[in-house]
Amino acid sequence: MSEIESAKQETRIFNPPAEFAKNATISGMQAYQALRAEAERDYEGFWARLARENIEWHKPFTTTLNETEAPFYKWFEDGQLNVSYNCLDRNLKNGNAAKTAIIFEADDGKVTKLTYQELHGRVCQFANGLKALGIKKGDRVVIYMPMSIEGVVAMQACARIGATHSVVFGGFSAKSLQERIIDAGAVALITADEQVRGGKQLPLKAIADEAIDMGGCEALKSVIVYKRTGGNVKFVEGRDLWMEDVVANQPDQCEPEWVDAEHPLFILYTSGSTGKPKGVQHSSAGYLLWTMLTMKWTFDLKPNDIFWCTADIGWVTGHSYITYGPLAVGATEIVFEGVPTYPNAGRFWDMIARHKATIFYTAPTAIRSLIKAADADEKVHPKNYDLSSLRLLGSVGEPINPEAWMWYYRNIGRERCPIVDTFWQTETGGHMITPLPGATPLVPGSCTLPLPGIMAAVVDETGQDLPNGQGGILVVKRPWPSMIRTIWGDPERFKKSYFPDEFGNKLYLAGDGAIRNEQTGYFTITGRIDDVLNVSGHRMGTMEIESALVANPLVAEAAVVGKPDETTGESICAFVVLKRSRPTGDEAKQIAKELRDWVGKEIGPIAKPKEIRFGDNLPKTRSGKIMRRLLRVLAKGEEITQDVSTLENPAILDQLKQAQ
Ligand code: WT7
């Protein structure tokens, strides 16, 4: 049974535990409905109230939503604020100065704790250091760092001086890094000598050097290096500096740079349906508001919570639920450098027990791989760990299949903890469709209902609403404060991708399909409807991988499709035509390995195809269009039952059937 089918047939319902519901920020469905009704009655008034209650403004706003240049919406436009001030200084004033902000656990288990006072000081010192290097409001700074306190400090310091950061995940290749530095026009790069994951040291500075040496990064003046391991690195005189030297002698106070509500807080590159990644641009105020509200609504954050989001700061989840949201609401959070399987697959459970985590937020892929590990080795089964501190679990990044949901619910939550299956995207800034733990009855495999104020709907190709029970296109009908503002440097692409003409430029197109349950109206996400793959919760464009493959001198043509995978959700399957004759046997294996490594170099190891099949050609229509839907069937190893009469070369299908 497919995940969608099993979710549709799912009848189990889990009500919020009474005790949880009683104390929750949004307690009971009536409270949820009341907030929804408020948003429907007075949309702008609703958001204005929340923005006034949650954000500390330097200059209050007087206009809430400006739609005159739609779909380039502006929120709280004439207000001024500083995001770092809201995350740090406010906590010093609120009596949280001595509260632990970050519990950092390194790969080797070493724990470092930092109070809000200390974090504030570190951010201010670094902000002053950046200013001393001439970095100023509006400049772009690329951050290519391991999971670390310094990574969070770097992001917050940029926010403090009004520089727009663009974090590049540490697993991306030199070429990917170079492309992002160029596209953003970055004046500085913050990186580390090496990163440490699973006991292994991986170079970052060397990759950064390689990226810059590829050329085109003319705007880049400074490279700041955090010394993580003390490993050997090359330094370029006049360009490279150690982070410790940048902060040395800098005062631990730094007046924040007040910025307009719409000032771009960050750009984060993500994959779309064309080859070139899109620089998703986010605002300051609207984004901050949404990270705060979702910390309170979805995670029901309380002062004593120990919050743990296992994402990397290189992804939007790490931005919203490590760097900004938890700090803005004064939480104590865990930041983890390592991987879930080192020194063994009990690492997450052991850390929850040792740090007494109360809220745990992770990805279905991690859960599925830890289920396998627990089945294989009793010693790392969660039953051996004291998980009694937990009160809430979360899931993010990809659909969670009901089996994994149930395991998570029973073995980690011990049937006491609600699970919030949060649907959202890099573009949305924070949660969009998710249960509220003290209100929403849970159904495994469904992200349930939109948050108050989020006008999500399922429509057909013409933008008309579909009745519940009919699958269609997921859209959001009204702008919301934390939505993407534009694609950096490409406003046309922004319009085309998210507010296309077909929908009258009025509906936000998420790029996912969805279906609503006939009885409950609950949403189930049925997956991407564009050429975007989701592998282990990592988003990748098929065209990006194809471009990487055809850039190899051996390759004439390539088509990439997703294939369902038990652990990673989807895996990458590439169909390749070489310039020379089709290889078989050991030779095919050898070339496949070469091509996999090549893609790893071009994009990053996460983009390596799991499977590569060679053919003399690809299945094409008479007009030369590659028939991807057939390739998807072949990748799954299923028989083709669809109409192939428009196919130019049907014989090719037999050749591509076999996995090499
Ligand atoms: C895509 C967005 C969510 C932030 C991190 C990933 C898929 C995300 C869910 C969920 C089903 C989900 C969608 C979406 N997705 N969360 N709970 N259930 N699918 O952000 O890299 O921008 O990816 O991830 O397909 O469009 P992203």
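Start at 1 with the first residue, then count along the sequence. Atoms within each ligand, like the ligands themselves, are counted from 1 in listed order.
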Q.
Using 30° and 60° as the class boundaries, would you call the ring planes of F169 and F172 parallel, tilted or perpendicular?
A.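 Perpendicular.
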Q) Do the rings of W480 and Y508 sit parallel, tilted or perpendicular, given the 30° and 60° boundaries? A)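 Ring orientation, 0 to 90° scale: perpendicular.
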Q.
Which residue is it: W47, W75, Y324? I am looking for the one with a ring pair (Phe, Tyr, Trp, His ring centres under 6.0 Å) to W290.
A.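 Passing option: W47.
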Q. In order of chain and number, which residues sit within 4.0 Å of ligand 1 by heavy atom?
A.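 Only V316, T317, V396, G397, E398, P399, D421, T422, F423, W424, Q425, T426, D512, I525, R528, N534, R539 have heavy atoms that fall under 4.0 Å of ligand 1, ordered by chain and number.
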(Q) Taking side-chain hydrogen bond (donor to acceptor under 3.5 Å, both in side chains) as the criterion, tell me which of H538, R539, R368 meets it with E398. (A)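 Of all the options given, the one that passes is R368.
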(Q) Any non-hydrogen side-chain atom of T310 less than 4.5 Å from a side-chain atom of F336? (A)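 Not in contact.
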(Q) Under the side-chain hydrogen bond (donor to acceptor under 3.5 Å, both in side chains) definition, can you give me all pairs with a residue in residues 464-474, not counting sequence neighbours? (A)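 The answer is D465-K477.
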